[in-house]
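Starting from 1, each residue takes its place in the sequence as its number. These values consider heavy atoms only, across backbone and side chains, with no hydrogens, waters or symmetry-generated copies.
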Amino acid sequence: MFKTERNIDKEKVIALISGSEEAFDHLFRKYSKKIYHVSRKMRLGHEDAEGVVQEVFIKVWNNRERLDAKLSFNAYLIAIVRSIVIRQIQRKAKLTSYQAYQLPFLDEKDTATEDYVIFSDMMDISSKAVESLPPRQKQVFMMKSFDHLSVDEIAEKLQVSRKTVKNQIFRASKSLKEKLMESEIISLIGFMCLVSSI
């Protein structure tokens with residue numbers, strides 16, 4: 001039986017929840033480069049991006065028992081990346097303010113719960129937005145973004161042209177971007193990373 005990338009992820013997440021180091025290693029190998037590239041797209045330098053990769057997977061391991069295998073692991077990682085990058089930007093801004101105006105630092109706190117709340121909110125709104133798409137747009141978008149199929153693979157499976165697939169992806173992405181931006185739960189750059197080839 002053919003397994004999609006999403007089904008494989010689901011199996012590994014279930015194993016990870018139980019404490020499987022093999023499953024953790026598999027997910028790390030699969031997503032570490034993608035997280036690095038997303039971090040660079042969000043204007044982080046090489047060292048900072050590598051640090052984000054490490055921090056993301058430390059959070060994943062420490063909070064493995066709270067993972068939900070029914071949800072997209074890919075989207076969960078993006079939510080964590082977004083949260084980490086935002087905090088890094090805030091810390092740098094506070095440092096600049098402190099150096100220039102001697103303003104006090106705000107207390108840092110553990111944000112594991114905050115990350116999950118962001119993720120849950122984003123997934124709830126995103127799921128509703130995806131469900132509102134026309135059937136063919138929804139099908140193509142899911143195949144591209146969740147099953148990680150290429151344009152050629154989608155075109156072959158649906159027996160349509162590559163141009164048709166690209167057009168459906170463009171229309172779906174445009175519609176989702178508008179809905180997610182209206183919700184203010186995700187920034188433009190976060191959306192672009194979410195629907196890109198991460």
Any donor-acceptor N/O pair, Glu11 side chain to Ile8 backbone, under 3.5 Å:
no

The reported gap from OG in Ser173 to CD in Gln137 (rounded to nearest 0.5 angstrom) is 9.0 Å

All heavy atoms of Trp61 vs all of Gly19, minimum pair found to be CH2-O, 3.7 Å

Across all chains, not counting sequence neighbours, the side chain to side chain donor-acceptor pair (under 3.5 Å) partners of Lys33 are none

Sequence neighbours left out, cut at 3.5 Å: what donor-acceptor pairs do the side chains of residues 21-29 make with other protein atoms?
from  : atom 1 : to    : atom 2 : distance (Å)
Glu22 : OE1    : Lys12 : NZ     : 3.3
Glu22 : OE2    : Lys12 : NZ     : 3.2

Tightest non-hydrogen contact, residues Ile17 and Ala69, listed as CD1-N, 4.5 Å

Side chain to side chain donor-acceptor pair (under 3.5 Å) filter on Gln139, not counting sequence neighbours, yields Arg136

Lys163 meets the salt bridge (Lys or Arg N to Asp or Glu O under 4.0 Å) criterion, sequence neighbours left out, with none

Residues passing the side chain to side chain donor-acceptor pair (under 3.5 Å) test with Ser32, sequence neighbours excluded, are none

The reported gap from CD1 in Ile84 to CD in Gln54 (rounded to nearest 0.5 angstrom) is 11.0 Å

Value for CD1 (Ile169) from OG1 (Thr164), rounded to nearest 0.5 Å, stands at 11.0 Å

key: Other residues, nucleotides, ligands: >12 heavy atoms within 6.0 Å of Arg171 CZ   = no

| said: Check for me, please, whether Val60 and Ile14 land in the same ILVMFWY cluster - side-chain distances under 4.5 Å, paths through other members count. | reply: no

Output for pair (Lys157 NZ, Asp152 CG), nearest 0.5 Å, gives 13.0 Å

Check for a donor-acceptor pair, side chain of Ser39 on one end and backbone N or O of Ile35 on the other, with a separation under 3.5 Å. yes

| request: Any chance you could lay out the side-chain contact (heavy atoms from CB on, under 4.5 Å) test for Asn62 and Lys59, step after step, and finish with the verdict? | output: CA-CA 5 Å; Asn62 289 340; Lys59 284 180 175 289; 5.9 Å; no

Has the side chain of Arg82 got a donor or acceptor atom that lies under 3.5 Å from a matching backbone atom of Ala79?
no

Is there a path of hydrophobic side-chain contacts, each under 4.5 Å between heavy atoms of I, L, V, M, F, W or Y residues, that connects Phe170 with Met143?
no

Check your understanding: Quick one: are the ring centres of Tyr31 and Phe57 less than 6.0 Å apart?
Key -> no

Applying salt bridge (Lys or Arg N to Asp or Glu O under 4.0 Å) to Arg40 and not counting sequence neighbours gives none

Glu50 meets the side chain to side chain donor-acceptor pair (under 3.5 Å) criterion, sequence neighbours left out, with His46

Here the gap from Asn63 atom CG to Arg66 atom CZ, rounded to the nearest 0.5 Å, amounts to 4.5 Å

Side chain to side chain contact (heavy atoms under 4.5 Å, CB included) filter on Lys166, not counting sequence neighbours, yields Val151, Arg162

Rounding to 0.5 Å, atoms CG (Asp48) and CD (Glu55) come to a distance of 10.5 Å

